[in-house]
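Chain naming here is simple, since letters A, B, ... match the order of the sequence lines and numbering starts at 1 in each.
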Number of protein chains: 2
Amino acid sequence: MKLGRATIKDIAKALNLSASTISRALKDYPGISDETKRKVKEVAEEMNYRPNAIALSLRKSRSFTIGVIIPEVVHFFFSSVVSGIEEVAHSRGYNVILVQSNEKLDREISSIETMLSNQIDGVLVSFSKETKTFNHFTKVLDQGFPIVFFDRAPEIPGAINVTVDDYQGAFDATTHLISQGYKNIIHLGGPKLLKISTERERGYKDALTHNGLDFKSEYVIPCPIGTVEESQQIVAELFSNMTVRPDAFFACNDVGAVGAMMACREIGLKIPVDVGVVGFSDWQFCSMLEPKLSSVAQPGALMGAKATEILIDIIEKKIDPESMENSLILKTKLMARDSSKRF
Amino acid sequence: MKLGRATIKDIAKALNLSASTISRALKDYPGISDETKRKVKEVAEEMNYRPNAIALSLRKSRSFTIGVIIPEVVHFFFSSVVSGIEEVAHSRGYNVILVQSNEKLDREISSIETMLSNQIDGVLVSFSKETKTFNHFTKVLDQGFPIVFFDRAPEIPGAINVTVDDYQGAFDATTHLISQGYKNIIHLGGPKLLKISTERERGYKDALTHNGLDFKSEYVIPCPIGTVEESQQIVAELFSNMTVRPDAFFACNDVGAVGAMMACREIGLKIPVDVGVVGFSDWQFCSMLEPKLSSVAQPGALMGAKATEILIDIIEKKIDPESMENSLILKTKLMARDSSKRF
DNA sequence: TTGTACGCGTTATCAC
DNA sequence: GTGATAACGCGTACAA
């Protein structure tokens, strides 16, 4: 009874019954006298018995636990996703085990290993910036282990991916800028390796040509690090060097957009009068800035929720991974605020 | 071999050896021929054997997993803490299982129950705003189950708490405002139930009297909801009603501070010239605002890391919870930025 | 209505 | 050097 870890056996001894009777009584099996059930439950309560989930896992080869591998938690988008994941998992009776890769490939690899060792029922993954090959995923995937990817999803045949429509989001944002009369729109890009970056760039490009504007490759400027300082500096240099003056920025993420806003303010350009700015992700702080930053909202919590539902459905064999649509693309929503509205 | 879940027994059969030999060979026990070891490891690799952590947990009554119960993940401070927790846990060979209470008491209660059921080795807790009684903690604590509280910590005798020095942080912030010449300083308070709120208010009060200013209870204004809109509205009303014009705000959190900034801007007051503002927590966006918001930085990741170290030390009996200091108080750091600097 | 025996995967212990 | 057995906590087919 130490540590309140009373087992079925302990109850059995206390009542002079067999372990199986206790087990059955606790689960209201038919064929156990009400009297016994009552007694058993009473004693169980007294000894504060708690079923041992580990023993159950071992028996059923199921842990009712799902794993989550993300680059980092301290990130508005990812924490939103985790929130959605946790919510759905909890409501369906699953625990969530969380690992950050810290954008490192080796931690990503070792994480799935531990997860498998721990008899995790399935995992949700958004891979690291370092990840270029996917053997560590396909290997376990081929063994029938359920994995659902979200946001940063690999192009593996048969992999199930939940993403947002980055292309459309970027297209909308750029179109919006054009509709507000901006003509020289710079795109501050993200890490080239990630599909989300290339998709956003593609949306930007198509929106331009679709609206009769020229796409100029020198208008796409990568911000590999992803800090405010970086984009602020890049934009500042831009204004001092470029022959044609940019009048708008569509950034791959909100942090980049903030940098652009700061750089503009520094050289005395007014937003949105002189320069328009739109970000991507719609982090909380967008509406706290002055002027309020326009941004493309990604449904983070919804993404987490959807991905989790799919994963658990696969685990519980409610759907067959072979026969399903292998990608779910969620809609983004342009939040047009003061930073890009001239009219 | 289905699902790559080869067991020791499978290897034993394949090699015509006993399970115990395999177990020993895999762990390089003395008294096993090198030849056997080689073969065993080879076959294990081939069958891609992975030790079953669940079986191990059952045997050892240890899961090498710690639980984390927090109000919500989508929160800069808490996600920082989680990051620190995950980091330390990982480096010491522990998994992290995450649950959000969503500020609900009942979810908090059921969470510890599942954790105990899952043979979690110990938990880290920051309780919900709803939590007024602590029986659900003391009950398991008394059974010798390791719990370490962080940030929102209860006043239970013997409970181990890791917090930041809210009092000193508030004292510093208020003193800073005074030193900049502000005289009518309003405190935008947080939820009364939380000790962090009362401590911050106490720090504010003491800083005033310590500097020869009067503390007026009507200058402490609660913001129970905690949204930008709420504090914005409260501050706006303040300016229209109060006889004495406030010239500074020390908010219990950054969101409240932003609301104050917005309200001031709306009625044409310049920050920091007319009004000074300081927040608490130093969220990422503070330095993205215009003017940059001064705030009291709390070491979130460090707090998570420290709490985890203590918890694991207790679990591994490296320290005795009875004989240790039962509270660790981390220092805050005032980040004085443009929103409060007149000189 | 209740008890017995077995297995989930692993390892410590004793035996040969 | 290696094997057999028991035990961790639980559920269940089979017996009584």
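Tested against B/V82, the residues A/V82, A/V74, A/V73 include a single side-chain contact (heavy atoms from CB on, under 4.5 Å) partner, A/V73. Of the residues B/I70, B/I66, B/L98, the one that meets the side-chain contact (heavy atoms from CB on, under 4.5 Å) test with B/I85 is B/I66.
Residue contacts shown for A/S61 are absent, as no nucleic acid heavy atom lies under 4.0 Å away. Among the atoms of the strands shown, none is found under 4.0 Å from any heavy atom of B/I54. Among the atoms of the strands shown, only primed sugar atoms or phosphate atoms (P, OP1, OP2) are found under 4.0 Å from some heavy atom of B/T36.
Computed from coordinates, the B/I8 CD1 to D/dT2 P distance equals 15 Å when rounded to whole Å. For the pair A/L17 CG and D/dA16 P, the computed distance is 20 Å after rounding to whole Å. Rounded to whole Å, atom P of D/dG1 lies 9 Å from atom CD1 of B/I32. Rounded to whole Å, atom C1' of C/dC8 lies 13 Å from atom CG of B/D10.
Taking both residues in full, the closest heavy atoms of B/S63 and B/S57 are given as CA-OG, 3.5 Å, listed atom of the first, atom of the second, then distance.
Taking only side-chain nitrogens and oxygens, A/T7 never comes nearer than 4.0 Å to OP1 or OP2 of D/dG9. Remark: A/K9 is in phosphate contact with D/dC8, judged by side-chain N or O atoms under 4.0 Å from OP1 or OP2. Contact check, A/Y29 against D/dT12: a side-chain N or O comes under 4.0 Å of OP1 or OP2.
Applying a 4.0 Å cut-off to non-hydrogen atoms, the residues of residues 21-28 of chain B that approach DNA chain C are B/S23, B/R24, B/K27, listed by residue number.
Shown here are the side-chain hydrogen bond (donor to acceptor under 3.5 Å, both in side chains) partners of A/T163, two or more places apart in sequence or in another chain: there are none.
With hydrogens and angles left out, the side chain of A/S20 and the base of C/dT4 share a donor-acceptor pair within 3.5 Å.
Within a 6.0 Å radius of NZ in B/K104, other residues, nucleotides and ligands contribute 12 heavy atoms or fewer. Residue-environment remark: CD (B/E155) stays at or below the threshold of 12 foreign heavy atoms within 6.0 Å.
Ring-plane geometry between A/F137 and A/F149 is classed as perpendicular, the angle between the planes exceeding 60 degrees on a 0 to 90 degree scale with a lower cut at 30. Note on ring orientation: taking the six-membered ring where Trp is involved, the planes of A/F78 and A/F150 are perpendicular (angle over 60°, cut-offs 30° and 60°).
Residue B/A19 places its side chain closer to C/dT11 than to any other of D/dC10, D/dC8, C/dT11. Nearest nucleotide to the B/R59 side chain, out of D/dG11, D/dG1, C/dA12: C/dA12.
In the helix from C/dT1-D/dA16 to C/dC16-D/dG1, the rotation axis of the first five pairs and that of the last five pairs differ in direction by 60°, rounded to 10 degrees.
When each of A/A55 and B/S33 is assigned the nucleotide of DNA chain D bearing its nearest heavy atom, the one mapping closer to the 5' terminus is B/S33.
Rounding to the nearest 0.5 Å gives a distance of 9.0 Å between CG of B/D151 and CZ of B/F127.
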